[in-house]
Amino acid sequence: MKFTMYVSIASTIAGRLLLTWLLGVVLDMGVIGIAAAMVCDWMIRAVIFILRQKSGRWKNFQVI
């Protein structure tokens with residue numbers, strides 16, 4: 001559970017917030033830039049979770 005939380009927080013800060021600022025404000029794309037940043041955040045998360053799924057490290061999780 002920690003991995004999921006850390007990836008979500010990191011991708012939100014690095015992906016969504018920085019790309020929102022870059023696309024929405026700096027490049028003056030407005031709402032379209034914000035939407036594109038959200039999609040990029042989801043794609044970053046998906047790639048990280050797919051890589052973890054394929055590695056098999058998620059099977060080592062212990063409940064107790």
Side-chain angles (χ1 to χ4, degrees):
M1 296 294 279
K2 288 182 183 180
F3 179 80
T4 305
M5 181 184 66
Y6 292 146
V7 167
S8 296
I9 291 171
S11 71
T12 298
I13 292 172
R16 190 174 294 192
L17 292 178
L18 293 177
L19 283 173
T20 296
W21 173 76
L22 179 68
L23 297 175
V25 178
V26 174
L27 297 178
D28 199 30
M29 292 177 67
V31 176
I32 300 299
I34 294 169
M38 286 177 50
V39 171
C40 288
D41 173 40
W42 294 332
M43 289 172 44
I44 291 167
R45 270 188 221 185
V47 167
I48 292 170
F49 289 140
I50 288 170
L51 291 174
R52 182 162 170 97
Q53 176 75 23
K54 287 187 176 191
S55 74
R57 289 190 59 206
W58 62 275
K59 294 178 186 177
N60 298 331
F61 179 73
Q62 294 180 358
V63 177
I64 297 177

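We count residues from 1, following the sequence as given. Side chains included, hydrogens not; waters and symmetry mates left out as well; all remaining heavy atoms used.
One distance of note links OH of Tyr6 with CD1 of Ile48; it measures 15.0 Å at 0.5 Å rounding.
In the hydrophobic clustering of this structure, Phe49 does not group with Met43; members are Ile, Leu, Val, Met, Phe, Trp, Tyr whose side-chain heavy atoms approach within less than 4.5 Å, directly or through other members.
Closest heavy-atom contact between Ser11 and Ser8: OG-O, 3.3 Å.
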Ignoring hydrogens and angles, write down the donor-acceptor pairs under 3.5 Å from the side chains of residues 15-34, residues two or more places apart or on other chains.
| from | atom 1 | to | atom 2 | distance (Å) |
| --- | --- | --- | --- | --- |
| Arg16 | NE | Asp41 | OD2 | 3.1 |
| Arg16 | NH2 | Asp41 | OD2 | 2.9 |
| Thr20 | OG1 | Arg16 | O | 2.5 |

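Under the rule for a side chain to side chain contact (heavy atoms under 4.5 Å, CB included), the partners of Val47 that lie at least two apart in sequence or sit in another chain are Leu51.
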